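Presented below is the structure to which this report refers.
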2 protein chains.
Amino acid sequence: MTPKQKRVLDFILGFVEEHGFQPSQMEIAQGCGFESLGTVQHYLRSLERHGLLARQANAKRGLQLTANPPCLPFAKGATLTAGTIAKGGTVTPPPLGANVTFLELPLVGIVAAGKPVHAFELADAIEVPSAMAGPGNVVYEVRGDSMVEMGIMDGDYVAVHPQSVAENGQTVIAEVNGSITIKKYQRKGNIIQLLPANAAMSPIMVTEDDEFHIRGILVGSMRFYRKWTGKSST
Amino acid sequence: MTPKQKRVLDFILGFVEEHGFQPSQMEIAQGCGFESLGTVQHYLRSLERHGLLARQANAKRGLQLTANPPCLPFAKGATLTAGTIAKGGTVTPPPLGANVTFLELPLVGIVAAGKPVHAFELADAIEVPSAMAGPGNVVYEVRGDSMVEMGIMDGDYVAVHPQSVAENGQTVIAEVNGSITIKKYQRKGNIIQLLPANAAMSPIMVTEDDEFHIRGILVGSMRFYRKWTGKSST
DNA sequence: CGAGGATACTCGTAAGTTTTTCGTAAGTCA
DNA sequence: TGACTTACGAAAAACTTACGAGTATCCTCG
């Protein structure tokens, strides 16, 4: 982004902050010292291409800022109003004041995909699609790379359905000697193995001496990217 | 919201504050300097559409202000909104300032992570956490394995923020000769490359002869697992 | 180092749309 | 009936879009 572009963006931002509504193109021109609307037009298009701004066609003052999207604008527990997309594609605005509670799951621990880390509890919450929600479900943040071959990477969030038994091949979140880890479950007779999905790592053998129990199995995973890098984040 | 609309709203707000009851339409007209009731009528409808006001049909002084009124929706100018899917695949934004955060984004196509597949439009919607929502954002379903090393696998859903330019290293959803694909973006001078995250695949070179444009960049990804298998699904 | 080529930046004007406004007539409610 | 609220229709004003074109800057390459 060029300095000029940033200036225009900042102007819009400040204008909205001050007035409570979006500036018209003429106001932007005056505010930024442009003689021509064409110039404003140019910058608006430019910002739009960069994804920092969205415009509604032909709408007066129809600018919508997206710059540094307030990543988690709503505190946990906040209730928001939701809309539905009806079949056929029209957006049905929600009935006024119909508050829908967000689907949030508690974030209760950090899972080690590599070496087990000590289990600890967090008092936080993560929004999830309803398909990942369910009674008792919780979200873990993944630490380590042992599941990369299954597409679960360091920093990912996984939604977990609580249950204490598993079938072979399922991905489980399990506690082994006080440490919590995410692995594939494999059992033959009395021999339980926790298999990583990473060729560079070796399975964990669970013996009778180990304190072991399954916390739940994987029902979903999510990853958030920062706009300005290609990297995973949070 | 336009300045006039805001002024009417502010007037009503102030009137209620001062008198303890709602103004009649005539009082609004006088207070805001309108000659005609039709004008008031117009604004009332407008505010109602924006969800800032509710009216009881035919009730005298039957205006009801929405809770926590003008603060959130417009203040930031960055309302989180999703769009509608029109036939043919264009996404139309919802009415300005609609006071809603959508939990759903339109699912508009299937991205090829391996070989590009032909772009096609779907009329469906996918729930996402609000951190993945934003004006114009859409969701794609991933086909192919070219991004496995970044943890994006066949069947995953990716949330995309629309923009037509990208910086080196960002993961983009791009259209090349009518096919749509997800790759890492790399540009040196005039040479644009689309790099897969899979050692077994080779980059796509974009030449001047190719019809090429970026649809957006990656902001999030999700995967759903079936409970009774360990496999990815849907 | 200079030429050539992209990119950023700027102006103006002529459509094309939406908002804003007025007035008048009809419908409601107590 | 009186006091309000709804319902068009229509014209002016305010804004947004669509071109077309002309500088200035920076970078690359021979």
Side-chain angles (χ1 to χ4, degrees), chain A residues 1-12 15-16 19 21-50 52-64, chain B residues 1-12 15 19 21-50 52-64 74 77 90 92-97 164-168 187-192 206-208 212 214:
Chain A
M1 183 158 64
T2 69
K4 290 279 187 177
Q5 284 173 11
K6 180 166 172 48
R7 181 168 163 213
V8 172
L9 189 63
D10 284 345
F11 173 78
I12 298 173
F15 190 101
V16 170
H19 294 83
F21 52 86
Q22 296 88 338
S24 70
Q25 292 183 4
M26 185 59 101
E27 286 163 338
I28 295 174
Q30 288 168 354
C32 296
F34 300 138
E35 296 292 318
S36 167
L37 287 238
T39 309
V40 178
Q41 215 30 231
H42 166 75
Y43 282 108
L44 255 32
R45 221 174 335 242
S46 172
L47 291 171
E48 192 177 26
R49 278 155 44 87
H50 285 258
L52 297 163
L53 193 63
R55 296 196 285 174
Q56 298 176 252
N58 289 321
K60 296 175 190 296
R61 301 170 187 275
L63 304 176
Q64 293 183 305
Chain B
M1 181 160 65
T2 69
K4 292 281 186 177
Q5 285 170 13
K6 181 168 167 55
R7 181 167 161 212
V8 172
L9 185 63
D10 286 344
F11 173 79
I12 298 174
F15 190 101
H19 295 81
F21 54 86
Q22 296 88 342
S24 72
Q25 292 185 3
M26 186 57 101
E27 286 164 335
I28 295 174
Q30 288 168 354
C32 296
F34 301 139
E35 296 290 318
S36 166
L37 278 296
T39 310
V40 179
Q41 211 34 229
H42 165 78
Y43 283 111
L44 255 31
R45 228 184 320 255
S46 172
L47 291 171
E48 193 176 24
R49 274 211 326 268
H50 289 181
L52 295 164
L53 198 62
R55 297 195 286 177
Q56 302 173 257
N58 293 319
K60 303 183 185 205
R61 300 177 186 275
L63 302 177
Q64 288 183 318
F74 304 112
T90 44
T92 33
L96 180 63
S164 55
V165 295
E167 289 173 36
N168 284 344
R187 171 180 175 173
K188 262 183 203 159
N190 263 347
I191 303 173
I192 296 174
V206 179
T207 72
E208 283 200 349
F212 168 79
I214 296 173

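Residue numbers start from 1 in every chain, and the chains themselves are labelled A, B, ... in the order their sequence lines are given, proteins ahead of strands. As the structure is a computational prediction, the values presented were derived from the model and not from experiment.
Side chain of A/Gln64 to backbone of A/Ala54: no donor-acceptor contact under 3.5 angstrom is found.
For B/Glu27, the side-chain contact (heavy atoms from CB on, under 4.5 Å) test picks out B/Phe15, B/Pro23, B/Ser24, B/Arg61, with sequence neighbours left out. B/Ala166 meets the side-chain contact (heavy atoms from CB on, under 4.5 Å) test with B/Gln170, B/Val172, B/Tyr185, B/Ile214, B/Ile217; sequence neighbours excluded. When the side chain to side chain donor-acceptor pair (under 3.5 Å) test is applied to A/Asn58, no partner is found at least two apart in sequence or on another chain.
Rounded to 10 degrees, the angle between the two end axes of the helix from C/dC1-D/dG30 to C/dA30-D/dT1 is 50°, with five pairs used at each end.
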Show which side-chain atoms of residues 1-11 of chain A pair as donor or acceptor with protein atoms under 3.5 Å away, not counting sequence neighbours.
residue	atom	partner	partner atom	Å
A/Thr2	OG1	A/Gln5	N	3.2
A/Gln5	NE2	A/Ser46	OG	2.8
A/Lys6	NZ	A/Asp10	OD2	3.4
A/Arg7	NH2	A/Cys32	O	3.3

Quiz: residues 33-41 of chain B side-chain donor-acceptor pairs under 3.5 angstrom, not counting sequence neighbours:
residue	atom	partner	partner atom	Å
B/Ser36	OG	B/Gly38	N	2.9
B/Gln41	NE2	B/Gln25	OE1	2.9

What N/O pairs connect the protein and nucleotides 10-21 of chain C at under 3.5 Å? Give each pair on its own line.
residue	atom	partner	partner atom	Å
C/dT10	OP1	A/Lys4	NZ	3.0
C/dT10	OP2	A/Tyr43	OH	2.6
C/dC11	OP1	A/Glu35	N	3.3
C/dC11	OP2	A/Glu35	N	2.8
C/dC11	OP2	A/Thr39	OG1	3.4
C/dG12	N7	A/Ser36	OG	2.5
C/dT18	O2	A/Lys60	NZ	3.3
C/dT20	OP1	B/Thr2	OG1	2.6
C/dT20	OP2	B/Gln5	NE2	3.4
C/dT20	O5'	B/Tyr43	OH	3.1
C/dT21	OP1	B/Lys4	NZ	2.8
C/dT21	OP2	B/Tyr43	OH	2.5

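Counting any heavy atom pair closer than 4.0 Å across all strands shown, B/Arg45 reaches sugar-phosphate atoms only and no base atom.
Rounded to a whole Å, the CG atom of A/Leu47 is 17 Å from the P atom of C/dT7. What separates CG of A/Leu9 from P of C/dC9 is a distance of 13 Å, to the nearest Å.
Residue pairs that meet the salt bridge (charged side-chain N to carboxylate O under 4.0 Å, His left out) test with at least one member in residues 39-48 of chain A, sequence neighbours left out, are A/Glu48-A/Arg55.
Here chain B contacts DNA chain D (any atom closer than 4.0 Å to a heavy atom, that is under 4.0 Å), and the contacts span D/dG2 to D/dA7 from 5' to 3'.
By the 4.5 Å heavy-atom criterion applied to side chains, A/Leu63 and A/Ile28 are counted as neighbours.
Remark: B/Ile192 CD1 to B/Thr207 OG1 distance equals 10.0 Å, nearest 0.5 Å.
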